[in-house]
Amino acid sequence: MLDRTKIEALRNARVPQSGHVIDGVARAASDGGTLEVISPLDGKVLTTMACGTKDDADRAIAAARRAFDDGRWSGMAPAQRKKILLAWADLIENEALELAVLGVRNNGTEIGMALKAEPLSAVGTIRYYAEALDKLYGEIAPTGPDVLGLVHREPVGVVGAIVPWNFPLMIGSWKFAPALAAGNTMVLKPAETASLTLVRLAELAIEAGMPPGVFNVVTGKGSVVGEAIALSMDVDVLVFTGSGPVGRRLLEYAARSNLKRVYLELGGKSPNIVFADAPDLAEAAKVSAGGIFRNSGQVCVAASRLLVERSIHDEFIEALAGVAKSMKVGDPLDPSTAAGAVNSLTQLEQNLGFVDEARALGRDIRIGGSRILEETGGYYMAPTIVTGVAPTDRLARDEVFGPVLAVIPFDTEEEAIQIANGTDYGLAAAVWTGDLSRAHRMVRAIKAGVVHVNTYGGSDITVPLGGVKQSGNGHDKSLHAFDKYLDLKTAWIKL
Ligand code: NAD
């Protein structure tokens with residue numbers, strides 16, 4: 001699929017100005033002017049995009065409200081809704097490489113990962129929920145003989161979605177695919193630094209025959225468009241993936257408006273725990289390096305804390321550093337690149353700030369720690385391993401969202417559990433051990449939405465993803481995702 005010639009032809013293709021998709025109209029009128037889109041590959045202006053206003057968001061919400069209330073989507077025969085969603089998936093698949101390259105130029109993810117994790121993953125997700133939508137049944141309750149208790153499942157209404165920049169199509173589709181399949185309508189706001197591909201997806205939805213107003217995308221600033229969606233009295237459910245501070249605000253906005261339900265997928269500081277009895281330490285080192293350094297660490301489930309049993313600490317770090325050094329960092333449109341660009345200069349500076357702080361505390365910057373390839377104008381950072389980190393250090397507790405690994409040694413299983421659970425987060429974790437009982441004990445003891453055993457990061461659409469503690473609530477992916485988008489209604493009928 002990675003056709004180098006085609007990628008090179010797309011690398012410098014002109015990117016037209018991007019606009020909102022509202023009420024079935026691509027490049028919908030907007031009075032908010034435009035924002036420059038800076039490519040992290042070279043720090044240059046890639047294109048401009050519509051800078052949405054509150055009015056733009058309100059028009060999109062009104063369109064979604066009308067489209068929901070008149071039943072043009074929720075009242076459509078399920079087989080027809082499925083057909084449109086499947087046609088949409090086909091159109092996205094046909095344009096997968098174009099979308100992947102556009103996305104890479106917008107957010108910096110390496111092309112190999114971007115193609116699979118972005119358009120192709122969105123295609124798979126849309127197909128999964130499209131296929132599921134006519135397999136959702138209500139219930140007949142086991143009531144007494146003189147009544148009939150029916151439990152209907154109904155779409156909730158207008159869904160607002162606010163998504164981040166690291167995997168806009170993958171994370172976006174985890175929300176819009178089940179929401180739309182269930183019969184809801186949506187207004188989605190992409191992140192400022194990764195909007196272009198989601199806008200294109202919305203344009204393709206029109207082409208696939210999705211009725212106007214069902215799927216609207218409004219680009220612009222979080223503090224304007226995002227806030228307008230979150231404060232709207234006409235949005236029934238708000239789904240969000242992003243940072244904790246913005247998640248907190250959304251809960252406040254819901255409280256200040258219509259008490260809309262808010263589902264949050266927030267950050268993580270995921271512990272990757274390597275015991276001395278791990279079956280294959282070389283494999284553990286290889287997978288652990290990928291777990292933190294792919295996409296330059298800009299992955300919510302990144303394995304950003306490495307807990308290593310002290311007896312193998314030096315040997316393991318040696319192996320890990322070897323793998324990390326062999327990973328090619330740089331031009332994300334080169335298929336041999338293992339880690340592309342950091343999304344923005346702000347994010348890069350934030351990453352370097354964490355390293356400076358660790359250095360000031362006397363921690364050992366084992367490899368990396370600096371910006372690289374500055375001459376390209378792009379935002380690249382060397383994979384960074386910091387050893388001797390104390391569990392109380394900010395680097396051990398706060399999410400960096402960059403290629404910076406905090407290494408913490410431990411002596412016993414109990415200590416590993418204590419350190420692993422010692423942050424406010426609870427998104428993902430991994431345990432490397434050859435002891436089956438220990439593996440099961442650790443899965444039970446670790447507070448996280450997913451615990452990997454002798455691997456890291458594997459997943460597919462059939463299993464749920466969600467955080468505990470301050471990593472969020474609710475679940476994306478799997479059939480459980482429908483719970484957010486379907487209400488239960490009881491009919492109590494006297495017989
Ligand atoms: P962010 O919270 O800064 O922004 C996310 C979205 O919120 C963007 O679209 C932004 O425009 C919008 N926003 C910003 N301020 C807003 C406001 N006041 N009101 C409404 N919307 C507003 O996050 P980010 O920097 O784009 O993404 C990185 C974060 O996302 C990291 O913390 C990462 O862990 C998290 N993340 C979590 C998951 C997960 O599944 N748990 C997945 C990917 C990323």
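Both ligands and their constituent atoms are indexed starting at 1 by order of listing.
- Near ligand 1, heavy-atom contacts under 4.0 Å come from I162, V163, P164, W165, N166, I171, K189, P190, A191, E192, G222, G226, E227, F240, T241, G242, S243, V246, R249, L250, Y253, E265, L266, G267, C300, E399, F401, L427.
- No donor-acceptor pair under 3.5 Å is formed between the side chain of Q347 and the backbone N or O of S344.
- Separation of atoms OG1 (T423) and NZ (K447) is listed at 11.0 Å; rounding is to 0.5 Å.
- In this structure, F167 has its ring center at least 6.0 angstrom away from the ring center of W174.
- Interatomic distance, CG of D234 versus CZ of R66, reported as 10.5 Å (0.5 Å rounding).
- Between W165 and F401, the ring-plane angle classifies as perpendicular under the 30° and 60° cut-offs.
- In this pair, F482 and Y129 present their aromatic rings perpendicular. The plane angle is above 60°, beyond the 30 to 60° band.
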